[in-house]
**Student:** 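Structure in structure tokens, see below.
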Amino acid sequence: MSVRPLVIIPDSRLRLVSDPIVRVDAKVRALVSDMFETMYDAPGIGLAAIQIGVPERVVTIDTAREDEEKSPLALINPEIVTASEELSVYQEGCLSIPEYYEDVERPARVTVRFMDLNGEIREIEADGLLATCVQHEIDHLNGVLFIDHISKLKRDRVVKRFTKVAKEKEREGGA
Ligand code: GNR
Ligand code: NI
């Protein structure tokens with residue numbers, strides 16, 4: 001179990017399409033365990049494996065508030081099977097784009113099919129913050145970031161800012 005370093009934009013790994021999990025084995029369970037640890041440490045309400053540099057279709061989510069009991073959800077190979085026509089707007093953030101927040105419009109309700117940690121196929125119906133979060137995470141599995149859903153002007157501005165910071169860090173000889 002360990003907290004792993006987060007991959008931050010403009011790292012090109014965030015644009016990879018992640019590979020499906022063929023078998024839920026000890027390696028996948030260890031990955032999920034590191035993902036929960038990293039997500040709770042950040043803290044964040046969701047994490048896709050590529051955000052710790054692993055291009056596999058694994059997502060962790062916990063949308064419980066601090067005053068609520070934990071409700072960890074691990075989704076393997078998640079797919080949206082139905083999405084509502086009704087849309088809703090949430091202010092989104094991303095651990096790979098620290099401290100940047102912007103409104104994004106997405107379907108208000110989705111049905112998601114996935115494999116659980118026992119390798120069983122399950123479905124959940126999500127609305128509210130969970131619906132937004134699960135769509136945000138499935139986007140990550142396809143190399144899509146929430147800034148792809150905002151205006152090009154805003155996206156270019158935030159990418160430019162993070163590119164500058166990354167270049168400064170490089171000059172300092174940092175990671
Ligand atoms: O912690 C997170 N908060 C959040 C808020 C609104 C919509 C989506 C999210 S997901 C984000 C963590 C993250 O980057 N997951 O990929
Ligand atoms: Ni994210």
**Student:** With rounding to the nearest 0.5 angstrom, report the CG to CG distance, L6 to D11.
**Tutor:** 11.5 Å
**Student:** Could you report the tightest heavy-atom contact between S84 and A108, atom names first, then the distance?
**Tutor:** OG-N, 3.2 Å
**Student:** Is it the case that the side chains of H136 and E92 hold a donor-acceptor pair, with the cut-off being a distance below 3.5 Å and no angle test?
**Tutor:** yes
**Student:** Might you point out which heavy atoms bring P55 and L16 nearest each other, and give the distance in Å?
**Tutor:** CB-CD1, 4.1 Å
**Student:** State yes or no: do Y40 and L130 share one hydrophobic cluster built from I, L, V, M, F, W and Y residues joined by side-chain heavy-atom distances below 4.5 Å, directly or via other members?
**Tutor:** no
**Student:** What distance do L73 atom CG and L75 atom CG have between them, rounded to the nearest 0.5 Å?
**Tutor:** 4.5 Å
**Student:** Let me check something: do V144 and V134 share a hydrophobic cluster, defined by ILVMFWY side-chain heavy atoms less than 4.5 Å apart, either directly or through other members?
**Tutor:** no
**Student:** If you round to the nearest 0.5 Å, how far is CG of D62 from CG of L47?
**Tutor:** 12.0 Å
**Student:** To the nearest 0.5 Å, how far apart are CD in Q51 and OG1 in T60?
**Tutor:** 8.5 Å
**Student:** Just jot down the side-chain contact (heavy atoms from CB on, under 4.5 Å) partners of K154, sequence neighbours excluded, or say none.
**Tutor:** Y100, E102, I150, S151, R157
**Student:** Please check: side-chain N/O of S96 versus main-chain N/O of I9, any donor-acceptor pairing under 3.5 Å?
**Tutor:** no
**Student:** Answer yes or no: is there a side-chain heavy-atom contact under 4.5 Å between C133 and Y90?
**Tutor:** no
**Student:** Quick check: is V110 connected to I138 through a chain of hydrophobic side chains (ILVMFWY, heavy atoms under 4.5 Å apart)?
**Tutor:** yes
**Student:** Is the shortest side-chain N to carboxylate O distance from K27 to D25 below 4.0 Å?
**Tutor:** no
**Student:** Does R106 reach the side chain of L87, with side-chain heavy atoms less than 4.5 Å apart?
**Tutor:** no
**Student:** What pairs meet the side chain to side chain donor-acceptor pair (under 3.5 Å) rule with one or both residues in residues 110-121, with sequence neighbours excluded?
**Tutor:** T82-T111, R113-E123
**Student:** Applying side-chain contact (heavy atoms from CB on, under 4.5 Å), run through V59 and I61 and close with a yes or a no.
**Tutor:** CA-CA 7 Å; V59 161; I61 291 178; 3.7 Å; yes
**Student:** Linking I/L/V/M/F/W/Y whenever any side-chain heavy atoms sit under 4.5 Å apart, do L117 and M39 land together?
**Tutor:** yes
**Student:** With heavy-atom distances below 4.5 Å as the criterion, would you say the side chains of I147 and V159 are in contact?
**Tutor:** yes
**Student:** When you check the gap from the basic side-chain N to the acidic O, do D156 and R161 get nearer than 4.0 Å?
**Tutor:** no
**Student:** Do NZ/NE/NH1/NH2 and the carboxylate oxygens of R109 and E86 come within less than 4.0 Å?
**Tutor:** yes
**Student:** Report the C-alpha separation of D139 and F146 in whole Å, then their side-chain angles, then the decisive distance to 0.1 Å, and conclude whether the side-chain contact (heavy atoms from CB on, under 4.5 Å) test is met.
**Tutor:** CA-CA 8 Å; D139 270 357; F146 85 88; over 6 Å; no
**Student:** For E85, look at atom CD and say whether over 12 heavy atoms of other residues, nucleotides or ligands are found less than 6.0 Å away.
**Tutor:** no
**Student:** Which atom pair, heavy atoms only, marks the closest approach of G93 to Y101?
**Tutor:** CA-CD2, 3.8 Å
**Student:** Taking E79 for its side chain and V112 for its backbone only, find out whether a donor-acceptor pair lies under 3.5 Å.
**Tutor:** no
**Student:** Between T38 (side chain) and R4 (backbone), is there a donor-acceptor pair under 3.5 Å?
**Tutor:** yes
**Student:** Please examine the side chains of Q135 and P107, heavy atoms only from C-beta on, and report whether any two atoms are closer than 4.5 Å.
**Tutor:** yes
**Student:** Restricting to non-hydrogen atoms, name the atom on P43 and the atom on L95 that form the minimum distance, rounded to 0.1 Å.
**Tutor:** O-CD2, 4.0 Å
**Student:** What about I80 and L141, same hydrophobic cluster or not, with Ile/Leu/Val/Met/Phe/Trp/Tyr joined at side-chain heavy-atom distances under 4.5 Å?
**Tutor:** yes
**Student:** So, taking the atom named OG in S2 and the one named CD1 in I52, what distance separates them when rounded to the nearest 0.5 Å?
**Tutor:** 8.0 Å
**Student:** Assess whether side chain to side chain donor-acceptor pair (under 3.5 Å) is satisfied between R57 and N142, documenting all intermediate values.
**Tutor:** CA-CA 9 Å; R57 302 185 84 81; N142 296 320; 2.8 Å; yes
**Student:** So does R65 pair up with E68, basic N to acidic O under 4.0 Å?
**Tutor:** yes
**Student:** Do you know the tightest heavy-atom contact between A131 and A126?
**Tutor:** CB-O, 3.6 Å
**Student:** Any donor-acceptor pair under 3.5 Å linking the side chain of R15 with the backbone of G143?
**Tutor:** yes
**Student:** Measure the shortest side-chain to side-chain distance between E168 and K164 over non-hydrogen atoms and say whether it is less than 4.5 angstrom.
**Tutor:** yes
**Student:** Begin with the C-alpha distance, continue with both residues' side-chain angles, and end with the deciding distance and a verdict on side-chain contact (heavy atoms from CB on, under 4.5 Å) for F114 and N77.
**Tutor:** CA-CA 6 Å; F114 62 98; N77 302 338; over 6 Å; no
**Student:** Are D34 and R29 ion-paired here, with the side-chain N under 4.0 Å from a carboxylate O?
**Tutor:** no
**Student:** Within this structure, what is the CD-SG distance for the pair E99 and C94, rounded to the nearest 0.5 Å?
**Tutor:** 13.0 Å
**Student:** Indicate yes or no: at least one non-hydrogen side-chain atom of I50 is less than 4.5 angstrom from one of E56.
**Tutor:** no
